[in-house]
Q: 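Quick one: structure below, then a few questions.
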Amino acid sequence: MSADQRTKVLLVVTPGRSGTTILDRILGQYDGVFAAGELTFLWSAGLVDNARCGCGSPLRDCATWRSILSSAFGSLEGIDAPALAAIWHDRRVTRLDLAYLASGLGRRHLRRARVDVGVVLESLYAGIAAATGRRIVVDTSKGVLHALVSAGRPGIEPYLLHLVRDPRAVVHSWRTPKAELGYGHHAVMRTLGSAQAALLWDAINNAAPRVAHDLSGRYLQLRYEDFVREPEASIASIARLLGEPLTPELVVRDGTANLKVTHSVWGNPMRFETGLVPIRADERWRDEMPRLQQNFVSLLTSPWLRTFGYDLRPPPAGRSLPGAG
């Protein structure tokens, strides 16, 4: 398959609660880029539950997604959404087997075992490109699964953006209940306990660089704190990774993004916001998270904290880390 027949996909890998939604929205403003959001939830939240697309319509009623799914799979009605949702949320598929990921042989074995996921993803990405006319798909599914199987598919040209955020901020966000507007105003996003969220941070951030070995250098590591401090420079770095002319000033100026509607499948509630949206660091954890809990999270994540430029004992609010937003 020639390079021009492959779908260029930017896969954002992170333990979540790290700013992927605003990043996805910004990238989706550029001609040629389709901001798909968290495609891992297309089958369960989108097709089974018929939750809201980023445009505000129930996903099954969204003309854009109906066109995409028809292009990818023949028709929306012919998709066995419950079966696909079961595959994507089967622990045997979604678990992070770090022993396998540590070796090239193990990664090849996992890709072969997950061929059904790879075939579906390849068709889905191609359907997005064909139906929308966009040459780049942004997939913010977060886990390493989509990156792992994409690296072995002839119809996908994968690029990995590894987004890292201070684990204390990530844990605080996971512990804080938030409205889930995809299901309506009375739904609440999933929460995680401190230990579970910290270990998820460890697993994802350890696995992402290992998966990147299979992508022939198509890998960029970006800190959330650097993104919110200098969004224009961050977008320029992503443009260089993709080899695409994404001029930052067309969307972001003086720390503010000018956002129009996108058709993201899933993400945090800001995926429904439009107009001028400030890009600000959320540092509330420094005041709201008890010091004992901060120390506990620091202990669980200590092997990688300094690797990504974070202090074991961060300063309180008002005294940000060097380079943080």
Side-chain angles (χ1 to χ4, degrees), residues 11-20 23 91 94-110 140-148 151 160-176 190-215 217-229 234 237 281-286 288-317 319-325:
L11 299 136
V12 183
V13 174
T14 177
R17 307 301 175 94
S18 300
T20 58
L23 181 61
R91 290 183 180 179
T94 59
R95 71 185 180 184
L96 292 172
D97 194 329
L98 299 183
Y100 273 137
L101 289 173
S103 70
L105 179 63
R107 292 192 294 275
R108 288 193 294 273
H109 171 77
L110 284 179
T140 58
S141 290
K142 297 185 175 68
V144 298
L145 174 62
H146 286 192
L148 182 69
L160 195 157
L161 175 61
H162 178 194
L163 189 62
V164 184
R165 186 183 184 189
D166 190 302
R168 280 74 54 121
V170 170
V171 169
H172 181 262
S173 183
W174 272 112
R175 287 175 54 87
T176 305
R190 178 189 178 198
T191 58
L192 293 178
S194 296
Q196 189 177 5
L199 292 175
L200 175 66
W201 190 93
D202 286 341
I204 293 287
N205 287 315
N206 182 45
R210 299 178 187 276
V211 174
H213 285 302
D214 297 345
L215 301 182
R218 297 190 297 268
Y219 170 80
L220 174 65
Q221 186 181 106
L222 175 66
R223 293 201 327 168
Y224 161 86
E225 291 81 8
D226 297 328
F227 163 61
V228 296
R229 181 172 62 100
S234 298
S237 296
D282 183 353
E283 297 282 278
R284 287 174 295 177
W285 65 275
R286 295 180 185 274
E288 298 176 2
M289 193 176 194
R291 176 61 69 172
L292 183 62
Q293 188 180 73
Q294 291 186 31
N295 293 340
F296 175 65
V297 173
S298 296
L299 177 65
L300 290 180
T301 59
S302 58
W304 294 280
L305 264 178
R306 292 195 182 278
T307 298
F308 298 120
Y310 299 111
D311 289 339
L312 283 170
R313 293 182 63 83
R319 296 175 55 201
S320 298
L321 298 173

Q: Just verifying a value: how many Å separate Y224 OH and L163 CG, rounded to the nearest 0.5 Å?
A: 9.5 Å
Q: Can you tell me how far apart OG (S173) and CG (L192) are? Round to the nearest 0.5 Å.
A: 10.0 Å
Q: List the atom of P15, the atom of I204, and the distance in Å for their closest heavy-atom pair.
A: N-CG2, 3.6 Å
Q: For L160 versus A147, what's the shortest heavy-atom pair and its separation?
A: CD1-CB, 3.9 Å
Q: Is the shortest side-chain heavy-atom distance between Q221 and L161 below 4.5 Å?
A: no
Q: Say you draw a straight line from OG1 of T307 to CG of N205; how long is it, rounded to the nearest 0.5 Å?
A: 10.0 Å
Q: Could you go through V211 and V13, starting from their C-alpha distance and side-chain angles, then the distance that decides it, and tell me whether this counts as side-chain contact (heavy atoms from CB on, under 4.5 Å)?
A: CA-CA 10 Å; V211 174; V13 174; over 6 Å; no
Q: Without swapping roles, check the side chain of R168 against the backbone of V297 for a donor-acceptor pair under 3.5 Å.
A: no
Q: Would you find a donor on one side and an acceptor on the other, under 3.5 Å apart, between the side chain of S302 and the backbone of L300?
A: no
Q: Using the side chain to side chain contact (heavy atoms under 4.5 Å, CB included) criterion, which residues pair with R291? Sequence neighbours excluded.
A: Q294, N295, R313, P314
Q: Could you walk me through whether T20 and L23 pass side-chain contact (heavy atoms from CB on, under 4.5 Å), step by step?
A: CA-CA 5 Å; T20 58; L23 181 61; 5.6 Å; no
Q: State the CG-CG distance between L215 and L148, to the nearest 0.5 angstrom.
A: 9.5 Å
Q: For V171 and A198, which heavy atoms make the closest approach, and how far apart are they?
A: CG2-N, 3.8 Å
Q: Can you sort out the partners of T301 under side chain to side chain donor-acceptor pair (under 3.5 Å), two or more places apart, ordered by chain and number?
A: none
Q: Parallel, tilted or perpendicular for F308 and H162, by the 30°/60° rule?
A: perpendicular
Q: Supply the atom-to-atom distance R175 CZ to Q293 CD, rounded to the nearest 0.5 angstrom.
A: 4.0 Å
Q: Do R223 and Y310 form a cation-pi contact, if we require the NZ or CZ to be under 6.0 Å from the six-membered ring centre and within 45 degrees of the ring's axis?
A: yes
Q: What pair of heavy atoms forms the shortest contact from W201 to D166, and how long is it?
A: NE1-C, 4.3 Å
Q: Please report the shortest heavy-atom distance between V164 and E225, naming the atom on each side.
A: O-OE1, 3.9 Å
Q: For residues T176 and R17, report the shortest heavy-atom separation together with the two atoms involved.
A: O-NH1, 4.1 Å
Q: Do the side chains of L222 and S237 get nearer than 4.5 Å, heavy atoms only?
A: no
Q: Return the CG to CG distance between L145 and L11, rounded to the nearest 0.5 Å.
A: 10.0 Å
